[in-house]
Each structure stands twice: as C-alpha cells, then as structure tokens.
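Reading through the structure tokens given below for one structure.
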Amino acid sequence: MFRYLARRLLLQAVPVLFVIITLTFFLQRFAPGGPFTREKALPPEIQRNLDAYYHLDDPLWRQYRDYLWDLCPKTFHPLALRNGFDLKAAFGIDLRPSFKYANRTVNEIIAAELPVSLTLGSLALLVALGFGLGAGALAALKHNTWTDRGVSALALTGLCVATFVSGPLLALVFAVHFHWFNASGWYETRDAVLPVLVLGIAYAAPIARLTRGGMIEVLGQDFIRTARAKGASESRVVFRHALRGGLLSVVAWLGPAAAGILTGSFVVETIFQIPGLGRDFVISVTNRDYTLVLGTVVVYGTFIVVCNFLADVLQAWMNPKLTLE
Amino acid sequence: MVWCPSGHFKTHRLQPSEWPDKRATKTVPQSFARERAALAVPAFGCLRFAMFSRAFSVLFTAALLTFTGCGKKDASATFPTPAGTAAAPRPQILRLGNGAEPKGIDPQDISGVTEGKIVMALFEGLLTPDPHDLHPLPGVAEAWEISPDGLTYTFHLRANAKWADGEPVTAQDFVESYRRMLSPKFASEYAYLLYNFVVGAKDYYDGRLADFSKVGFAAPDARTLRVTLLNSTPYLLNIIACHQAWDVVPLKVIERFGPPDSKNGAWTKPGNIVGNGPFILKEWLPKQKITVVRNPLYWDAANVKLDAIEFHAIDDATAEEQAFRTGRLDATDTMPLSKIDTYRRDHADTFRIEPYLGIYFYRCNVTKPPLTDKRVRRALALAIDRESIVKNITKGEQLPAYAVSYPGTAGYTPIARLSGDLAEAKRLLAEAGYPEGKGCPPIELLYNTSEAHKAIAEAIQQMWREKLGVEVRLTNQEWAAYQDTQHTHNYQMMRAGWIADYEDPHVFLEIWSSDNGNNDTLWVNADYDRLLQSALAAKTQDERYGIYQKMDAILVDECPVIPIYYYTHVHAISPKVKGWFPTRLDLHPYKYVWLEP
Amino acid sequence: MSDNQPSRSNSPPGAVAAGLSPWQDAWRRLCRNRLALFGGITLLALVLLCYVLGPLFAPSWREQSLSLGSTPPSAAHWLGTDPLGRDLLARLLYGGRISLLVGFVASFVALVIGVTYGAVAGWRGGRTDTLMMRAADILNALPFTIIVILLLVFLKVPMQHFDAWLTGLPGFGSWQGAGKVLVMFAAIGAVEWLTMARIVRGHVMAIKKMEYIEAARALGYGPGRILFRHVLPNALGPIVVYATLTVPAVMMLEAFLSFLGLGVDAPMSSWGTLIKDGAEHMEECWWLLVFPGGIFSLTLFSLNFFGDGLRDALDVRAAKD
C-alpha cells in the first residue's frame with residue numbers, strides 16, 4: 001500500500017503535473033490577445049515597455065524555464081503553511097505576481113481564495129452525498145415502485161435545473177422575497193446556505209442516479225439472494241453488500257467531480273459573489289492573466305491527481321476483486 | 001471541467017465601462033426635479049410593484065412562495081427602501097457597487113474605470129472636478145496661471161495640502177511622481193497622457209533624454225509647479241482635474257516597499273498606503289469590498305460629509321441589483337437590461353439615467369469587400385432604425401447617433417449628420433452594383449459576448465436584410481479574442497464602443513487618423529489627417545471647432561464607422577444619496593456626496 | 001460474491017430458452033415497461049416535433065417585432081415572445097434541433113470514446129492502465145476554456161471552408177454554421193468522455209476477475225471478443241445510466257461554449273441559450289424560463305425513463321424474477 005502510494009504520488013503525480021503545466025504554459029500563449037489587450041489600444045512604445053517589465057519579450061523557452069524554476073519546490077518547512085497557507089515560505093514555490101491584480105501574487109490569491117472554495121465545496125459535497133446516496137439507495141431498494149419513481153423524479157428535477165437557474169431562483173425567493181438570507185456575499189455564516197444548497201443539489205442528482213443504477217444491479221445478483229436466504233438482516237444486506245458493490249460507479253465518478261466541486265464552481269461563485277477560486281478558472285483565462293491561469297491549473301491538477309488516487313483506493317477497498325496495481 | 005456545475009457560464013462584465021449611459025446636458029435639471037419629486041412620494045413606486053402589469057411574474061413567484069410554505073405578498077416587504085428602516089441616524093457610510101475586483105489602486109498603474117473611482121477617493125491631483133459638470137476646481141493647487149501663448153502653466157500649491165502621514169505635499173512630489181509616470185521601466189499605461197503634451201516627456205520616455213530636469217516639469221520652490229507644453233492644449237486642465245494620470249503619489253512611501261518603478265503594489269496595501277485625498281484606505285477584502293474612511297488631514301476635511309465609502313466588488317449585474325434591492329447597496333454601477341422597464345415603471349425614485357460621454361458604433365474594415373465601397377457603408381448606415389434600437393433594446397434613453405462626435409462635448413456639437421431615407425440607401429447600394437442587395441457578399445459582423453450586443457446585432461441584421469436585402473452573419477468572441485481580432489484587423493465589421501477619458505471633441509476625432517492605434521478600420525484619408533494636425537495648431541477654440549466640423553463631415557460622408565447611439569449610464573441609486581450629480585464621465589467627487597438621514 | 005455467477009444471456013445464444021436472441025428478449029421486456037415506453041415515445045415525438053414541425057415555423061424563429069417586445073403567451077404567440085418580439089414556440093422548436101443533435105451526437109461521441117478507452121485500460125491493467133489513466137488526468141486538468149478558444153482560432157479557416165463546401169451542395173443551402181457545430185462536437189466529446197472512461201474502467205476491472213470471464217478465456221476466445229461480447233455487456237447498466245447523465249450536461253455545456261463564441265451563431269437559438277436568457281428574465285418574463293426549462297425537463301425525464309427501462313431490459317437477472 002505504501003509502495004503504491006509512493007509510486008502513485010511521486011512517479012506518476014509529478015510527471016502528470018509537469019505535463020499539465022507545460023501544456024498550459026504554451027497553449028495559453030497561442031490564444032489571441034494578451035494580458036494588456038485593451039479596448040483603447042496602447043501606444044506601441046508603452047506596449048513594448050510593459051512586455052519588458054513582465055519579461056514577455058524574452059524568448060518563450062526562457063520564460064518557460066524561469067517559470068519552472070520559480071515553481072520548483074526549493075525548501076521544506078511545511079509548518080509555515082499554518083501561517084496563511086504561504087507556499088513560498090513553506091516550499092519555496094513562487095507562482096509569480098498576477099498580471100491582472102497588480103498588488104497580489106498568485107500565491108496570495110490561492111491562499112486567500114482556495115480555503116473559501118474548499119469550505120463551500122466540501123459542505124456541498126456532504127449535502128450531495130447525503131441526499132444522493134440516500135435517495136439512490138432508497139430508489140434501488142424500492143425498485144419499480146412508486147417510491148422509486150417519486151425519488152427518481154426528484155433526482156431528475158435536480159438534474160434538469162442548471163445551477164445558473166437554481167441559483168438566481170433561490171436567491172430571489174429566499175433572499176429578495178423572504179429576507180432569510182443575503183442575496184449574495186460571503187460575510188456571515190448563513191451566507192453559505194444558498195450556495196451550498198445550489199451546488200449540493202446539482203451534484204446530488206447524478207450521485208442519486210448512479211447509486212440507484214449500481215445498487216439495482218448488485219441487488220439482483222445471486223450473492224445478495226444467498227445472503228438474504230441465510231437470514232442476514234436487511235440493513236446488513238444493504239450496507240455490507242449492496243452499497244459496497246453498488247457504489248463502484250459513484251466512486252469512479254467522484255474522483256474528477258470532487259476535484260471540480262472542491263476547487264470552486266464558476267457559476268455558483270459568480271451568482272452568489274463568493275470570493276473563491278472558482279471564478280478565477282474562467283476569468284483568469286478571459287483576462288489572459290497567464291500566471292493566474294497556471295496557478296489555477298496547478299491547484300486543479302493537484303486536486304485531480306489526489307482525488308482520483310483516493311477514488312482508486314476507495315474502489316479497491318470496496319471491491320475486493322480490484323487490486324491496486 | 002467536470003460536471004455541469006463547473007462548466008456553465010453566467011455572462012460577467014469584462015469591461016467596466018460597458019453599459020454606461022446618458023442623456024444630453026438638459027438632463028441635469030430634470031434629474032434634480034426627479035430627485036425632489038421622489039422625496040415627496042417615496043413609497044408610491046413600491047405600491048405599484050404588484051400591480052396588474054406584473055401579474056404573470058407575481059403568479060410565478062407566488063407559486064414558488066406557496067410551494068415553500070408561506071407566501072408573503074406585501075409589496076413593501078418585497079421591496080424595502082434600500083437604506084433600511086432603522087430609526088437611528090445612519091452613519092454616513094456610502095455603499096457603492098463598483099464592478100469587478102479592481103486591478104489595483106496605484107494611480108499610476110491602473111487603467112480601468114473601476115479602479116479610477118477608488119483612486120479618486122484616495123488621491124488628489126493639482127485640480128479636482130466640479131461635482132456638477134466636472135470643470136476644474138482647485139485641488140492641491142489653490143491657484144494657477146497660463147502664459148499668454150498657452151504653453152506654460154504655473155500651479156501654486158496650497159500650504160495646507162498634506163499627505164495622510166502629515167507630510168506636506170510639495171511641488172517636488174509632483175515632479176517625482178511624473179518622473180515615475182514617465183519611467184519606461186515602470187511602463188504606465190497612461191504615460192501618453194503626459195508625454196503627448198509636455199515638452200521633452202516623450203524623449204525621456206523613449207530614452208533619448210536621460211536628464212529629467214530637461215522635461216517640462218519644474219518646481220522652482222516647494223509650492224510652485226511649472227509645466228511647459230508642446231502645444232497650447234486648452235483641454236489639459238480638464239485632464240488634470242479628471243484623470244488619475246496627473247495625480248501625485250508618495251515616492252517616499254513607495255520606496256519603502258520597493259524600487260519606485262516596480263508594479264508590485266506592496267505600498268498600496270492597507271496600512272502601507274499614504275494618500276492625499278479626502279479618504280484613506282481602511283480595509284481591502286479581495287473580491288468583496290474596499291472600505292475607505294475620512295482623512296482628517298485632508299485640507300478640505302471640514303467639508304467632507306461622508307464617514308466612509310464601501311466599494312463593493314460585484315461583477316454580476318443581477319447580484320448587484322439584488323444587493324441594492326435588499327438594501328445592501330446605496331447605488332449600483334449597472335442595471336440588468338431585463339430590470340430597466342420594472343425600475344422605470346415601479347421604482348422611478350431609484351432609477352437614474354445619466355449622460356455618459358461615449359459612442360456605440362460599428363467599425364468597418366474598409367479593405368474587405370463589399371465594405372471597400374463607401375456607398376455600401378453609407379447605405380448600411382442609413383438603413384439602421386436607431387430610434388427603435390434605443391427605445392426597444394437598450395431602453396436607457398440613449399441618444400441615436402447620426403455623427404461621430406458626442407453632441408455638446410465641451411460646447412461642440414457636430415453639424416454634419418447622416419441623412420437620407422431608405423430610398424437613398426437603396427440607390428447608393430444599387431450604384432455600388434448591388435441593386436436590392438443582389439450579388440452583395442454576406443457581411444460577417446462580430447461582437448463581444450453580451451446580451452445587449454447580441455440583441456442589437458440581431459436587430460440590425462434584420463433591418464439590413466429586410467430593407468436592403470443584405471445578408472449579415474453574426475459571430476461572437478470573448479473579450480480578449482475580440483480585442484485581438486480588432487487590433488489585427490481580422491474582421492469585416494465589428495461592434496465597438498469609445499468612451500472619453502476627458503471632455504473634448506478631440507477624443508472622438510483623433511482616433512480616425514491613419515496613424516492612430518485605435519483606428520483599426522484601415523481607413524486612410526489624407527485630408528482628415530491634415531485637418532487633425534491643423535486643429536492641434538489652432539490658435540482659438542472657434543478655429544479648432546471649425547476644423548472639427550470638417551472632420552465630422554468627412555466621417556459622415558465616408559462612414560468608416562457606423563454610429564449607432566451615444567451612451568447613457570443607467571443605474572439605481574437610493575434617493576437618500578445627495579450631492580451625486582449626473583456628470584458625463586460617471587465621476588462623482590465623493591467629498592460633495594452625503595446621505596440624507 | 002465469488003461463487004454462483006449465473007450464465008449470461010450474452011454467453012452463447014443457446015443459453016437462452018425459447019430460442020429468442022438476447023436482443024429480441026430485451027426488446028420484449030422493454031415493451032412491457034410502460035414508463036420506459038412512454039419515455040421512448042415522448043422522446044421520439046419531441047424529435048419529430050423539432051425536426052418536422054420546427055421548419056414549418058420558419059422563418060418566424062428569427063422574425064423580430066421590436067416594438068412588440070416580451071409578451072406573455074397569447075393566441076398569436078402560444079408561448080409568448082422574447083425581448084425582440086420573436087415567437088418563443090418557433091425558437092424552441094428550432095433550437096431543439098440543435099440541442100437534440102448536440103445532446104445526442106456529442107454524448108454518443110463521448111460514449112464511444114469513453115467506453116473504448118476505459119475498457120481497454122481496465123482490461124489491460126498494469127502499465128497500460130496507468131499510462132492511459134494518467135493521460136486522462138492530464139486532459140481533465142487542462143483548462144477547457146483555453147482549449148475552446150484555441151479550437152476557434154485554429155479551426156476558423158477550415159470551418160469556413162467546410163461551410164462554403166456544405167452550403168454549396170444542393171439541399172444544404174441553409175446549413176450555414178455547420179462547421180462550428182462539428183467543432184463543438186469535438187470540443188464537448190473531448191471532455192465528456194473522461195469520466196465515462198473512469199467508470200467503465202472500474203467496472204471492467206471488477207468484471208474481468210469473474211469466473212465466467214475466466215471460463216471464456218479457457219475456451220480460447222480472443223481478448224477483443226471477450227471484452228466486447230462478455231465484459232462490456234455486463235457493464236451496460238452503469239454505461240446507460242451515465243450516458244443519460246451526459247446528455248443534459250452536454251446541452252448545458254453548449255450554453256457555455258456559446259459564451260466563448262463556439263456555439264450556434266445568433267439569431268439561431270438552442271435550449272441551453274434560451275434557458276440561460278430565461279434565467280436572466282425570470283422575474284419579469286416567466287415564460288422565457290418556464291417553457292424552455294419545461295421542454296428540456298420533459299426531454300430529460302423521457303430519456304431517463306427510457307434509459308432505466310433499457311437498463312432493466314438488458315439486465316437478465318432481473319428478468320428472471
């Protein structure tokens with residue numbers, strides 16, 4: 001297990017991240033426009049000086065080399081992370097200043113915004129898992145009854161309503177009309193309620209569908225009948241056998257999905273004006289804020305690698321037939 | 001991109017100045033009247049909220065409300081007065097919606113309107129704008145003289161102008177600030193607002209002149225600043241009063257946090273920054289809000305009425321409107337198109353339309369057929385029903401544009417006007433070889449993604465198809481790609497906007513000269529270029545404006561651009577906000593603003 | 001769970017009684033499931049409605065009446081009009097052609113790539129699996145927005161050539177913009193298959209350890225035959241479920257792509273963009289959200305009921321109850 005962990009994280013994660021960063025670094029430079037593309041065109045001499053200031057006039061390979069060097073971990077003081085998640089103090093990772101937000105470094109932006117998205121995302125993930133697994137299991141156990149149809153219909157409704165509809169709708173009803181919450185912002189604890197609900201519902205629906213499908217499959221198998229015939233209690237059948245076998249799809253799906261939800265949703269953070277990292281995934285690209293794009297990609301790539309790793313471990317734990325290779 | 005929640009998009013504003021708006025000068029008194037009327041019957045608009053015209057949406061929401069348990073249909077509850085109902089006198093805190101998260105607040109490094117509004121609270125230049133019409137008033141300079149040839153400006157600084165740390169603001173501070181502004185290494189985006197006018201500044205910027213003392217800025221003593229110009233530039237005082245490029249920055253403080261030509265901005269963080277404006281920075285919560293509080297050392301502090309201003313970073317128009325409606329903002333920066341009718345009808349006391357010095361137009365790439373032919377361009381320009389667009393789509397009392405210069409800019413109104421009926425348009429098109437549009441290749445029209453741009457383009461597409469038989473294909477791009485397409489001239493026709501940085505007709509006319517980086521139409525006209533040069537050398541304003549009239553006439557005749565409408569700034573503002581006047585640059589000097597208790 | 005695996009219908013046909021092929025058998029069971037049948041018929045009806053009836057409304061989907069503006073449903077406009085005074089019903093049906101096409105074709109692309117990729121990775125295991133799944137991780141982490149912007153830039157000229165060629169063909173005159181739609185399929189297909197691959201891989205890895213697979217191997221069947229005749233059919237359940245989840249995701253993704261300029265060009269509509277516009281007007285013009293949202297939901301419900309029925313029908317064990 002530990003050898004697997006070491007291999008997966010060192011021998012695989014590092015090259016994966018390296019390829020992601022390299023591809024992003026070069027791909028974004030081919031996108032039309034740059035960080036200083038303005039509606040009022042800058043005089044060429046000013047454009048030249050700006051490029052010089054940000055070393056955008058260096059050959060691309062040199063910019064790449066310099067960026068990689070700044071990115072390389074150079075020290076190891078993980079305890080420094082407690083002090084405001086300072087990657088530079090902890091590992092010597094310097095993600096450079098943002099092109100757009102002149103007085104903030106990408107390190108600072110991530111340190112300030114990732115925790116917000118993580119909070120929102122993990123709460124939403126809990127909501128999604130609670131509702132999704134519960135509804136899915138219930139529907140599967142009552143397969144082809146009206147309970148199944150009712151619960152499935154509810155899950156489907158969650159699937160039909162995109163976040164850009166449910167978000168404004170909930171804000172309108174519960175904030176503007178009832179005044180139970182603020183329509184947007186991230187100042188009080190209750191400000192988390194609506195965004196968590198919107199995001200949670202959006203993720204609960206696919207979880208419910210996948211759980212239902214997986215469990216129906218497993219419940220129909222002979223070993224479940226055998227277990228029931230042997231007089232195993234229904235809850236033991238469900239929790240010990242059916243859920244474990246039936247959640248294979250959900251767990252596989254959760255790898256990338258969890259990475260997505262934990263690093264922040266663009267739509268939900270925009271609707272509720274949450275100072276998280278999710279908005280930066282899109283805005284940094286439309287701003288052509290090269291360093292922030294790379295910063296978000298580093299974060300998201302790390303989450304993808306870690307979440308998929310966890311999902312694979314979980315799959316193997318749940319299904320003895322799978323081994324970690 | 002994983003699952004739907006992270007994939008979807010809500011259009012966000014990519015440029016702060018996108019939906020500004022205006023009416024002509026006469027709006028000013030009208031707005032006052034409206035303000036007074038609103039005071040008299042503040043609740044009337046609210047009462048009408050649930051009336052018949054809204055029956056359907058009320059039904060819809062009612063269904064939702066019933067579904068969730070307790071329907072509350074009391075109109076005033078759905079729409080409280082933005083300032084809240086508390087009886088205790090409110091502290092004088094002005095809460096403004098201010099668009100996207102600001103890029104920074106270093107006056108010499110910023111380029112956007114959003115940032116400029118914050119900087120105006122924190123810094124003050126030689127002059128300040130008048131709250132009504134933005135004409136220059138004394139700022140750090142209490143008096144100034146202009147030499148008879150118009151080339152030398154002498155500013156006398158007031159003795160009690162102080163930095164927030166108590167140091168006096170000196171003439172040398174200004175010279176040092178301008179040196180930083182002109183430093184090629186620092187690469188300020190607005191450096192040209194200095195080097196276009198001041199003797200030696202361009203040479204210094206380009207490195208041909210190493211000695212800054214040869215540049216036309218001089219400080220004979222601590223309280224005198226002398227500026228020497230290349231040409232007499234009658235609108236320079238407007239620029240100095242309205243634009244942060246001419247502000248003063250605290251070099252001593254900047255150097256404490258790094259070299260002066262660094263953009264790292266460490267000196268602008270709360271606790272570090274030292275300004276000389278009516279307010280000082282108290283708190284900056286990124287992507288949330290910036291709070292500034294009254295500066296007790298400001299020379300005119302006695303006349304500053306607000307205790308604090310909160311600039312809320314809200315980059316979603318719907319969220320901003322809801323924040324306003326639930327009483328968490330005193331004024332918004334924008335208004336969603338979908339809400340304009342509702343506000344106009346039901347909340348006239350908070351609905352505000354202000355003039356805004358800018359024009360919305362279509363750019364033609366004159367090297368791409370059929371737009372190479374000026375008759376085609378003119379025909380297209382004539383066949384647009386601007387009144388209908390303004391009335392039914394943009395809805396903000398924008399002025400239909402039949403010329404390029406904004407009417408009444410610093411007293412200048414273009415006489416030339418796109419005129420001609422549909423028959424004239426058809427005749428021109430036929431002359432160009434496309435009778436009834438037959439044989440005319442389809443035109444590709446590009447716009448940057450936005451609901452309003454799309455609606456306008458769709459409407460014009462239909463007008464041209466039905467009236468002229470000319471087919472148009474619409475495409476859209478996100479902001480950066482769209483800008484790049486424009487600057488690389490890789491388009492046939494595209495939507496554009498031009499907003500003035502300062503009030504002078506020069507702003508609208510200079511960009512169409514053949515060597516201007518913002519022309520981007522590839523239209524070249526030697527007469528036009530010559531006229532622009534002679535306007536710069538003109539001795540009197542009448543002479544200059546006379547030349548501008550000829551230039552506007554050329555533009556209307558040649559139509560390298562198709563004017564559509566002049567902007568207005570449409571937004572919501574609480575009737576309790578006083579001293580906030582409709583100015584044409586959307587600038588509202590905060591020291592004159594106060595909140596009615 | 002290791003013992004007593006039943007013989008499968010996809011094992012040699014002789015295993016099934018009454019001589020019906022497994023597909024005929026599944027078809028009969030599908031027809032007996034009324035909800036699934038209802039779903040299937042509704043889907044078919046929607047497709048017919050959009051493709052046959054939609055063009056009958058042409059050109060009212062783009063005909064504006066600016067002074068009319070947004071009006072609620074009336075006798076003249078059954079579903080009301082949009083802010084430019086265009087008939088919403090016509091725009092819905094016309095937009096449905098695009099959305100259904102994108103939803104099903106792009107999902108199918110994602111399905112084919114994802115299933116093949118996941119099956120191969122899961123079946124081969126070991127180093128191949130590691131390489132393939134890490135490659136998928138890389139694709140997953142690349143910023144999609146940039147990829148789309150680049151696709152638009154680099155494929156602009158080919159798209160125009162394709163359009164010019166297609167609109168030149170007899171009967172395809174109105175297919176302007178088809179090039180963009182094709183690129184859109186590619187962009188969507190390129191991201192949506194990743195999760196499908198992970199799901200299929202997990203199931204294939206579990207199934208390949210089953211006794212009946214060992215038996216098939218022992219019979220000397222080649223890996224291709226075992227994979228496609230024995231392994232994948234047993235993973236059909238999760239594949240169908242996930243595929244039905246992909247369709248709505250794809251339709252909504254199209255709304256995001258049109259923000260970047262890779263969608264249907266205005267004034268053409270799609271359900272995604274209609275719903276997005278409707279969401280912005282939900283307070284003033286409920287019909288602009290309710291009807292597009294309604295038809296979208298109807299499609300999704302039908303699709304899922306049909307998918308569930310299909311899953312049940314293909315599940316031999318359940319059929320034996």
Taking atom types as modelled and ignoring hydrogens, do the side chains of A:N49 and B:Y205 form a donor-acceptor contact shorter than 3.5 angstrom? yes
What part of [X] lies closer than 4.5 angstrom to a heavy atom of chain B: side chain, backbone, both or neither?
| X | value |
| --- | --- |
| A:D280 | both |
| A:P97 | neither |
| A:L50 | both |
| A:R48 | neither |
| A:F272 | neither |

Under a 4.5 Å heavy-atom cut-off, does chain A meet the side chain of [X], its backbone, both or neither?
| X | value |
| --- | --- |
| B:D206 | side chain |
| B:I511 | neither |
| B:S111 | side chain |
| B:Q477 | neither |

Sequence neighbours left out, what passes side-chain contact (heavy atoms from CB on, under 4.5 Å) with B:A319? Give chain and number order. A:S184, A:Q273, B:I314, B:D316
For A:G33, does its backbone N or O pair with a side-chain atom of B:H487 as donor and acceptor, under 3.5 Å? no
Can you check whether B:P286's main-chain N or O pairs, donor with acceptor, with A:Y101's side chain at less than 3.5 Å? no
Mind checking whether [X] and [Y] have side chains closer than 4.5 Å, heavy atoms only?
| X | Y | answer |
| --- | --- | --- |
| B:E189 | A:K40 | no |
| B:T326 | A:N182 | no |
| A:R104 | B:W284 | no |
| A:W186 | B:K287 | no |
| A:I283 | B:E101 | no |

Within residues 186-197 of chain A or reaching into it, pairs that qualify as salt bridge (charged side-chain N to carboxylate O under 4.0 Å, His left out) - sequence neighbours excluded: A:E188-A:R190
For the side-chain contact (heavy atoms from CB on, under 4.5 Å) test, which of B:D109, B:D106, B:T268, B:N264 pairs with A:N103? B:T268
Quick check: are there more than 12 heavy atoms from other residues, nucleotides or ligands sitting under 6.0 Å from CZ of A:F131? no
Give a yes or no on whether A:F30 atom CZ has more than 12 heavy-atom contacts from other residues, nucleotides or ligands under 6.0 Å away. no
Select, from A:A102, A:A52, A:A183, the one with the greatest count of heavy-atom pairs under 4.5 Å involving chain B. A:A102
Report the residues that fulfil salt bridge (Lys or Arg N to Asp or Glu O under 4.0 Å) with B:E510, sequence neighbours left out, ordered by chain and then residue number. none
Most contacts with chain A, counted as non-hydrogen pairs under 4.5 angstrom, among B:A191, B:S262, B:A266, B:P102: B:S262
Can you list the residues of residues 106-117 of chain A that sit under 4.5 Å from chain B, counting heavy atoms only? A:E108, A:E113
